[in-house]
Amino acid sequence: MTFTHKVTNETVRLANIAPGIFRKVLKDVQIKGYTIPEGWTMVVCSPSVHLDENMYDNPLEFNPWRWKDEELNGASKKFMAFGGGNRMCVGADLSKMQTSIFIHYLMTSFRWNVANKGHIIRQPYLNFNNGIRIRVDEIQKRK
């Protein structure tokens, strides 16, 4: 399920469920003329990185092929859906595995289409304020 893994990464990149990651500042940091003092707590907004045109070509486009040559088992400055470094989510691999299995069976055992597209809002996470409805039909297997 190599390609399914790429689909999972792209899905998580576009629709991160954690709008931010809290981090303690270990030493004074200078960013664009501002100082973030040591000891402060800051929030890293991962969707702002995941949707940055400087990090990804066409960042709002769903493109699993962008992960073709990427290895994401450790820390990354451009993909932080599960945290990063020694603060990586302990359930990251389990979550990716479950998502990959779900996507695999959804795509190979069912036909589905969007019945009501809904209205997409980024706050900064992905939200459908009126929901999104899909129609799912099981594929009839030959006996």
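Throughout, residue positions are numbered sequentially from 1 according to the sequence presented.
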- line: Here the side-chain hydrogen bond (donor to acceptor under 3.5 Å, both in side chains) pairs for residues 57-66, sequence neighbours left out, are Glu10-Arg66
If I take atom [atom1] from residue [X] and atom [atom2] from residue [Y], how far apart are they, to the nearest 0.5 angstrom?
X: Thr35; Y: Gln30; atom1: OG1; atom2: CD; answer: 3.0 Å
X: Glu53; Y: Leu60; atom1: CD; atom2: CG; answer: 8.0 Å
X: Lys6; Y: Lys68; atom1: NZ; atom2: NZ; answer: 9.0 Å
X: Trp112; Y: Asp137; atom1: CH2; atom2: CG; answer: 12.5 Å
X: Leu106; Y: Arg111; atom1: CG; atom2: CZ; answer: 10.0 Å

task: Decide yes or no on side chain to side chain contact (heavy atoms under 4.5 Å, CB included) for Met97 and Leu94, but give the supporting numbers first.
output: CA-CA 5 Å; Met97 179 192 67; Leu94 175 63; 3.6 Å; yes
message: Walk me through whether Val7 and Trp67 qualify under side chain to side chain contact (heavy atoms under 4.5 Å, CB included).
response: CA-CA 9 Å; Val7 170; Trp67 302 103; over 6 Å; no
- request: Under the side chain to side chain contact (heavy atoms under 4.5 Å, CB included) rule, collect the residues that match up with Asn116, sequence neighbours excluded.
  value: Arg133
Following the transitive rule for hydrophobic clusters with a side-chain heavy-atom cut-off under 4.5 Å over Ile, Leu, Val, Met, Phe, Trp and Tyr, establish whether [X] and [Y] coincide in one cluster.
X: Ile21; Y: Val90; value: no
X: Met107; Y: Val114; value: yes
X: Ile121; Y: Phe128; value: no
X: Val25; Y: Phe22; value: no
X: Ile139; Y: Phe102; value: no

task: Check the side chains of Ser100 and Thr8 for a donor-acceptor pair under 3.5 angstrom, ignoring hydrogens and angles.
output: yes
- request: For the pair Arg13 (side chain) and His50 (backbone), establish whether a donor and an acceptor sit closer than 3.5 Å, ignoring hydrogens and angles.
  value: yes
- prompt: Between the side chain of Thr108 and the main-chain N/O of His104, is any donor-acceptor distance below 3.5 Å?
  reply: yes
Atom of Glu38, atom of Leu26 and distance for their closest heavy-atom approach: CG-O, 3.3 Å
- prompt: Minimum heavy-atom separation for Met80 to Val49, with atom names?
  reply: CE-CG2, 4.1 Å
Heavy-atom check, side chain of Thr4 versus side chain of Thr99, under 4.5 Å: no
query: Do Thr11 and Phe62 come close enough that some side-chain heavy atom pair is under 4.5 Å?
result: yes
